[in-house]
Structures are given as C-alpha cells and as structure tokens.
Amino acid sequence: MARRPVSDTPAYLNAANCPGLRTAWRYSRSALQTLTAAFEAQAAHLPDVVTVAVGGSLGRYEAGAASDVDCIVVVRDGAASAHVEVQNALVHRLFAESTFKPPKADGIYRQGIARRALLDPAALGSLDEAPAVFGKRIQLLLDARPVFGRAGFDALQRDIVAWYCTDFVVAKPTRTWTYLCNDLMRYLHSYAGWQQFKFERGTDDSWQLRQAKFRTSRLLTFAATMYLLGESDGLPDKVSWLQSQLADTPLQRLYTVMARHDAAAYAQLLAAYEAAFALLVQPELRAALVASGPDAATRMRAELHPVYEQIREHSAALSRILTEFALTRRAQWGARFFERWLF
C-alpha cells in the first residue's frame with residue numbers, strides 16, 4: 001500500500017497556535033531527508049539490512065538539536081552474524097555523523113534484529129519475550145518511520161499488523177484487535193511501572209525528565225494508536241484502513257480521529273501539548289529537570305521542580321481531554337472494544 005506523502009503544511013498542526021511543534025516538524029523533515037540520503041548513499045554496503053527505522057521524537061516529527069536517536073535495524077533472516085555486525089556498525093556510524101545523539105550503547109536500539117524474530121508465531125502470548133524484541137515490534141507500530149529500506153519497512157509493518165490481528169477461536173480464524181489491544185496495554189502499563197521507580201540520574205536524564213516525557217509524548221503516542229483501533233474496529237476493511245494510517249505521526253493519527261468528530265477537542269489537546277512541549281524543548285529547563293527532583297538517594301522525598309509541576313498540569317489536561325473524547329465514542333466504537341480496553 002502506498003504511503004501518503006507528508007504535506008508541507010500539515011493540517012494537524014493548524015488547529016491551534018503551536019510554533020514549537022511547527023518548528024520541530026520542519027527540523028525533523030530536514031533531518032529525515034538528510035539521514036535518508038546518507039543511508040541511500042551507503043546502500044551497497046548494507047545488503048543484509050531490510051530497513052532502518054527511527055522512532056521517538058524524530059519519528060514523531062518533534063525532534064530538535066538535542067534529540068537522540070531511537071533506531072531499529074532489521075536484518076535479513078539467515079544473514080551471517082559477522083556481516084550483520086559490520087553493517088550494524090556502519091548504521092550507527094551514519095547516525096553518529098548526524099546531528100543527533102546515537103542510541104545508548106547498552107540500550108535495546110543498539111543491536112539489529114532479524115525480521116523473523118519480530119514475526120515468530122511461537123512468540124504469540126509470550127510474557128517473557130525480551131524487551132529488545134517486544135519493544136521494537138510495538139515501536140514499529142507506534143511512531144517509527146524508515147530512513148532506509150522503505151519497501152522493506154512497509155512490508156514488515158503490514159506483516160506485524162497481520163501477526164497481531166488474527167485470533168483463533170474454536171479453530172476458526174477471526175480478525176480482531178484483541179491481542180493488539182492487550183499488548184498495547186501491556187506496553188503502557190509495564191513502561192509506566194518501570195519508570196515510576198527508575199530513579200537513576202544521568203548527565204542528560206532523570207526521573208523528572210522521564211516522567212515529563214512519559215506523561216506527554218508517550219501518552220499521546222499510545223492514545224493515538226488505540227484511537228485508530230477504536231475507529232477502525234467496525235470497518236469491513238479495518239486491517240487495510242489501519243495500515244494506511246501508520247505512516248502518520250501520533251498527532252496526525254489523533255487529528256484523523258478527533259477532528260472528524262470533535263475539532264474543538266483536538267484543538268484543546270494540541271494547545272495543551274504545545275504548552276508542555278515548549279517547556280521541554282528549552283535547554284535550560286531540561287537541564288533543571290535533570291539536575292533536580294528525585295534520585296536514587298532521595299527517591300520520592302525530593303522536592304519537585306516548578307517546571308515539572310507545570311508540565312504535570314499540562315499532562316493532566318491531555319489525559320482528561322483524551323479520556324473524555326474516548327468516552328464520547330462509546331456508541332460508535334462499540335461496547336466490546338471498550339471491554340477489551342478496560343478489562
């Protein structure tokens with residue numbers, strides 16, 4: 001299925017005054033074009049790489065000069081490990097030569113993953129799957145976009161949706177979102193639980209900063225995909241419809257659903273998100289969030305920074321708007337969808 005082109009003036013950023021998000025969108029578009037050109041120039045040296053995708057702020061078109069790279073390197077099934085290692089090193093060298101901070105050396109985005117590992121039927125229902133597999137599979141649906149191997153990325157994304165949307169009930173295949181809903185909820189709640197008690201402080205990271213990001217961009221990213229599932233659930237071609245929306249950013253996905261039914265609610269959401277985003281992109285405020293608040297020694301006994309309190313107010317507004325809008329869709333999305341979501 002053809003990917004929709006990204007407009008030069010995206011409609012989803014015109015519903016409210018959001019100069020920070022528009023600036024980030026333009027920066028991200030330019031950076032993605034530069035990265036794509038760099039990777040295409042090295043295509044001959046990446047024969048075993050199916051696709052390279054970026055997620056996080058760059059995938060959302062919300063990146064800035066201080067952003068890091070969440071990248072997913074998918075390699076050909078059966079490729080020799082020695083060859084994969086060399087090509088993975090080239091991938092990360094290209095990222096290191098960009099303006100972005102490379103993935104953490106010990107993070108899940110540092111190593112490549114074989115395509116079949118993301119589509120293994122034996123992994124269905126597994127609760128002990130490694131985060132490097134589970135996290136990448138979910139990320140490929142939430143906010144990832146290719147900088148290399150677009151055709152391979154599109155095919156993989158379609159196959160992941162197909163992997164998720166088949167349930168077997170009394171040996172009769174039915175196409176539902178039950179498993180994907182469950183995995184989205186598992187991702188959200190396991191991530192929230194992990195972050196709640198992760199008090200380590202680094203040179204550019206802290207509990208306050210991680211919480212601020214979780215309550216804003218990550219919350220919207222989750223909601224955007226869940227909204228797509230709700231909107232598609234009653235459609236006869238819901239699988240192809242969902243796949244056609246996955247090239248959009250999380251905010252675009254929210255715009256697709258919310259503006260269709262309640263444009264004012266989307267405008268309120270965008271204004272609240274811009275307010276939080278404008279605080280998070282200021283280097284001095286990010287530094288203040290990193291330097292203060294809870295850490296491994298103080299835990300929750302530390303005083304929260306005033307900027308964090310402001311972001312928490314904006315995030316509370318985001319959560320309220322998202323919840324209230326979802327509740328207005330009960331009749332259209334159906335009781336069964338909400339039962340899966342809540343229980």
Side-chain angles (χ1 to χ4, degrees), residues 55-57 59-60 70 72 107-109 118 123-144 160-161 163-165 167 176-200 205-233 242 246 250-251 253-254 257 269 272-273 276 280 293-294 299-300 304 308 311-312 314-327 329-330 333-343:
S57 60
R60 296 191 305 270
D70 293 340
I72 301 172
I108 69 170
Y109 297 113
L118 297 165
L124 288 165
S126 173
L127 294 181
D128 59 359
E129 191 174 38
V133 180
F134 173 68
K136 289 173 182 174
R137 184 189 299 115
I138 287 286
Q139 197 77 31
L140 284 164
L141 299 184
L142 290 176
D143 61 13
I160 290 174
V161 171
W163 185 86
Y164 266 120
C165 75
D167 288 345
T176 79
W177 295 137
T178 300
Y179 188 48
L180 181 50
C181 282
N182 285 333
D183 246 13
L184 282 172
M185 294 301 293
R186 177 161 69 112
Y187 170 82
L188 176 71
H189 291 304
S190 60
Y191 196 96
W194 171 49
Q195 291 295 309
Q196 184 177 353
F197 295 99
K198 181 178 171 60
F199 293 106
E200 292 85 350
D205 202 13
S206 72
W207 183 91
Q208 280 189 144
L209 182 57
R210 290 189 296 269
Q211 285 292 312
K213 293 191 291 187
F214 175 76
R215 292 169 178 267
T216 55
S217 60
R218 286 182 173 82
L219 176 66
L220 260 66
T221 299
F222 164 81
T225 304
M226 191 63 85
Y227 275 22
L228 290 184
L229 298 187
E231 191 75 358
S232 70
D233 205 31
L242 176 70
L246 293 181
L251 271 176
R253 298 175 187 185
L254 289 169
V257 178
L269 180 87
Y273 190 49
L280 280 168
R299 296 174 73 84
M300 293 309 300
L304 299 174
Y308 177 76
I311 293 172
R312 191 159 64 171
H314 297 312
S315 71
L318 292 172
S319 181
R320 174 182 53 78
I321 295 165
L322 289 167
T323 301
E324 290 178 353
F325 176 83
L327 292 176
R329 308 310 303 152
R330 284 175 291 179
W333 292 355
R336 184 70 186 101
F337 175 77
F338 281 92
E339 289 170 8
R340 287 199 301 265
W341 189 347
L342 295 174
F343 298 109

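Nearest heavy-atom pair, Ser232 versus Leu229, reported as atom, atom and distance to 0.1 Å: OG-O, 3.1 Å. Between Ala192 and Phe214 the shortest heavy-atom distance is CB-CZ, 3.4 Å. Scanning all heavy atoms of the two residues, the minimum distance from Cys165 to Trp177 falls at CB-CZ3, 3.2 Å. For the pair Val133 and Leu118, the tightest heavy-atom approach, listed with the atom from each and the gap, is O-CD2, 3.9 Å. Taking every heavy atom of both residues into account, Arg60 and Tyr273 meet most closely at NE-OH, 4.2 Å.
Counting only heavy atoms from C-beta outward, the side chains of Leu322 and Leu254 approach each other to under 4.5 Å. Proximity of Phe337 to Met226: side-chain heavy atoms (C-beta onward) are separated by under 4.5 Å at one or more points. With contacts defined as side-chain heavy-atom distances shorter than 4.5 Å, the pair Asp143/Ser57 does not qualify. Counting heavy atoms from C-beta outward, Ile72 and Tyr109 have side chains that approach closer than 4.5 Å. Using a 4.5 Å heavy-atom cutoff, the side chains of Trp207 and Gln195 are not in contact. Side-chain contact between Asp233 and Arg336 is absent, with no heavy-atom pair separated by less than 4.5 Å. Residues Leu180 and Val161 form no side-chain contact, since every pair of their non-hydrogen atoms from C-beta on lies 4.5 Å or further apart. With a 4.5 Å cut-off on side-chain heavy atoms, Phe222 and Pro250 do not count as touching.
Judged purely by atom type and a 3.5 angstrom limit, Arg329 has no side-chain atom pairing as donor or acceptor with the backbone of Ala326. Lys136 contributes a side-chain N or O that, together with a main-chain N or O of Ile108, makes up a donor-acceptor pair within less than 3.5 Å. Although no hydrogens or angles enter the test, the distance criterion places a donor-acceptor pair under 3.5 Å between the side chain of Arg253 and the main chain of Leu246.
Residues satisfying the salt bridge (Lys or Arg N to Asp or Glu O under 4.0 Å) test with Asp70, not counting sequence neighbours, are none. For Asp205, the salt bridge (Lys or Arg N to Asp or Glu O under 4.0 Å) partners at least two apart in sequence or on another chain are Lys104, Arg210. The salt bridge (Lys or Arg N to Asp or Glu O under 4.0 Å) test applied to Arg215 returns no partner, not counting sequence neighbours.
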**OP:** Report the C-alpha separation of Leu124 and Trp163 in whole Å, then their side-chain angles, then the decisive distance to 0.1 Å, and conclude whether the side-chain contact (heavy atoms from CB on, under 4.5 Å) test is met.
**Re:** CA-CA 8 Å; Leu124 288 165; Trp163 185 86; 3.5 Å; yes

For Leu219 and Ser315, run side-chain contact (heavy atoms from CB on, under 4.5 Å): C-alpha distance rounded to whole Å, both residues' side-chain angles, the deciding distance at 0.1 Å, then the answer.
CA-CA 9 Å; Leu219 176 66; Ser315 71; 5.8 Å; no

Practice task
Evaluate the side-chain contact (heavy atoms from CB on, under 4.5 Å) criterion for residues Leu304 and Gln208: first the C-alpha distance (whole Å), next the side-chain angles of each, then the deciding distance (0.1 Å), finally the verdict.
Solution key: CA-CA 8 Å; Leu304 299 174; Gln208 280 189 144; 3.8 Å; yes

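Geometrically, Arg186 engages Phe134 in a cation-pi contact defined by less than 6.0 Å to the ring centre and at most 45° from the axis.
Atom-to-atom distance recorded for Leu280:CG and Ile311:CD1 is 4.0 Å, nearest 0.5 angstrom. A distance of 5.5 Å separates CG in Leu318 from CG in Leu269, rounded to the nearest 0.5 Å. To the nearest 0.5 Å, atom OG1 of residue Thr221 and atom CD of residue Gln139 are 8.0 Å apart. Considering CG of Leu142 and CZ of Arg218, their distance stands at 10.5 Å, rounded to 0.5 Å. Here Arg312 contributes atom CZ and Thr216 contributes atom OG1; the two are 13.5 Å apart, rounded to the nearest 0.5 Å. A distance of 4.5 Å separates OH in Tyr308 from CD in Gln211, rounded to the nearest 0.5 Å.
Below 30°, between 30° and 60°, or above 60°: for Tyr164 and Tyr179 the angle between ring planes is between 30° and 60°, a tilted geometry. Note: Tyr191 and Tyr187 have tilted aromatic rings, judged against thresholds of 30 and 60 degrees for the angle between ring planes.
Taking the ring centroids of Phe325 and Tyr227, they lie under the 6.0 Å cut-off.
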